[in-house]
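The shown structure was predicted, so the numbers you read here are calculated from the model rather than taken from an experiment.
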Amino acid sequence: MFKEDTAMMDSNPPLFHQYELLLQSTAHLQPFNNGNQPTSSVMEECQLPMIDLKGLESSNERERMACTREIFRASAEWGFFQVINHGIPTELLSRMSKEQMKLFGTSFERKSTSGILDNSYRWGTPTATHPNQFSWSEAFHIPLRKVSEAACYGESISLRKVMEELASAMSKLAKSLAGVLVEGLGHRREVLDDICDESTCFLRLNHYPICPFSGEVSGLVPHTDSDFLTILHQDCGGGLQLMKGSEWVAVKPNPEALVVNIGDLLQVKTPIFWTAFSISFLYYKILIWLT
């Protein structure tokens with residue numbers, strides 16, 4: 001039987017109870033791993049294409065074009081890539097991680113009922129009817145336009161400060177990358193002003209509590225990202241997995257890099273990008289990953 005200390009029980013959502021009931025009610029159905037899920041076997045670890053964004057700021061046109069081609073090639077071949085020299089201070093990412101740990105460490109009741117962060121707290125998968133649809137995670141999914149509103153934070157002044165800084169820095173990076181991709185598709189960067197604003201951008205905080213069924217349950221079920229662009233800060237715990245061809249591979253964490261994921265919306269815009277990753281009508285989404 002899975003046991004947690006009182007503090008963890010207070011802060012973690014009732015995932016175990018929900019999963020246990022779901023597992024019991026579907027025990028007569030198909031096996032949990034149906035071929036579309038990652039398995040508990042040893043998974044090959046991959047190094048995503050690494051792109052140094054200093055090239056985009058170079059005064060040398062050749063270097064700028066070379067960096068642009070790298071971004072386009074990685075987007076077409078992988079749908080994912082990592083970026084370094086991205087302009088987001090390590091210190092800012094560290095502060096965000098600390099604030100995130102404090103936030104998720106508060107009681108489940110407060111997270112789920114206090115209305116903090118625009119009442120955007122979500123956990124598990126309430127609509128799941130089978131274990132392979134169930135996510136062992138909790139998250140806040142905040143519209144960017146709400147990040148600066150004091151009413152979202154209550155007494156958490158430090159959380160508001162770091163989220164405002166992060167949202168501003170990430171927005172700049174996202175617009176730069178989106179601009180490169182849009183230009184590569186033959187459009188002017190100004191087209192972005194017509195299809196996106198803060199109401200279509202989100203900052204998402206993810207947390208994956210310790211799971212007693214680590215080989216059977218996904219933190220997030222396999223999915224594609226329904227947006228134009230996702231930028232992810234992955235912590236050193238790892239856990240990010242993607243499908244390359246027909247094989248699941250694990251993404252090796254890099255503390256110096258951010259992960260960029262091409263979304264469904266961009267794939268719809270061009271036949272070039274057919275890698276199976278990333279539409280609601282979002283422009284981009286910023287993820288902060290915490291295990």
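In this structure, W136 and I210 approach most closely via the heavy-atom pair NE1-O, 3.4 Å. Closest of all the heavy-atom pairs between S11 and E138 is O-OE1, 4.4 Å. The minimum heavy-atom distance linking L229 with A174 is given by the pair CD2-O, 3.8 Å. Here the closest non-hydrogen pair linking F72 and L181 is CE1-O, 3.7 Å. Heavy atoms only, all atoms of each residue included: S58 and R64 are closest at O-NH1, 2.9 Å.
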Report task. Kindly indicate, with the supporting measurements, whether the criterion side chain to side chain contact (heavy atoms under 4.5 Å, CB included) is fulfilled by I84 and L53. Result -> CA-CA 6 Å; I84 56 174; L53 294 185; over 6 Å; no

Query raised in the report: Going through the checks in order, is the side chain to side chain contact (heavy atoms under 4.5 Å, CB included) test met by L258 and L232?
Result: CA-CA 6 Å; L258 296 173; L232 167 68; over 6 Å; no

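When atom types are taken as modelled, the side chain of S75 and the backbone of I71 share a donor-acceptor pair closer than 3.5 angstrom. For S107 (side chain) and R110 (main-chain N/O), a donor-acceptor pair under 3.5 Å exists by modelled atom type. In terms of modelled atom types and a separation under 3.5 Å, the side chain of T106 and the main chain of L103 share a donor-acceptor contact. Formation of a donor-acceptor pair under 3.5 Å by the S112 side chain with backbone atoms of F108 is found in this model. In this structure a side-chain-to-backbone donor-acceptor pair under 3.5 Å is present from S120 to L117.
With F104 as the fixed residue, the ring-ring contact (aromatic ring centres under 6.0 Å, His included) test singles out one of Y121, F140, Y208: F140.
Within 6.0 Å of CD on E109 lie no more than 12 heavy atoms contributed by other residues, nucleotides or ligands.
A salt bridge does not link E70 with R73: every distance from a Lys NZ or Arg NE/NH1/NH2 to an Asp or Glu carboxylate oxygen is 4.0 Å or more. Between E99 and R95, no side-chain nitrogen of the basic residue sits less than 4.0 Å from a carboxylate oxygen of the acidic one, so the salt-bridge criterion is not met.
For Q82 and E256, the side-chain atoms include no donor-acceptor pair closer than 3.5 Å.
The salt bridge (Lys or Arg N to Asp or Glu O under 4.0 Å) analysis of residues 50-63, with sequence neighbours excluded, yields no pairs.
Ring pair H141/F202 is parallel by interplanar angle, where below 30° counts as parallel and above 60° as perpendicular.
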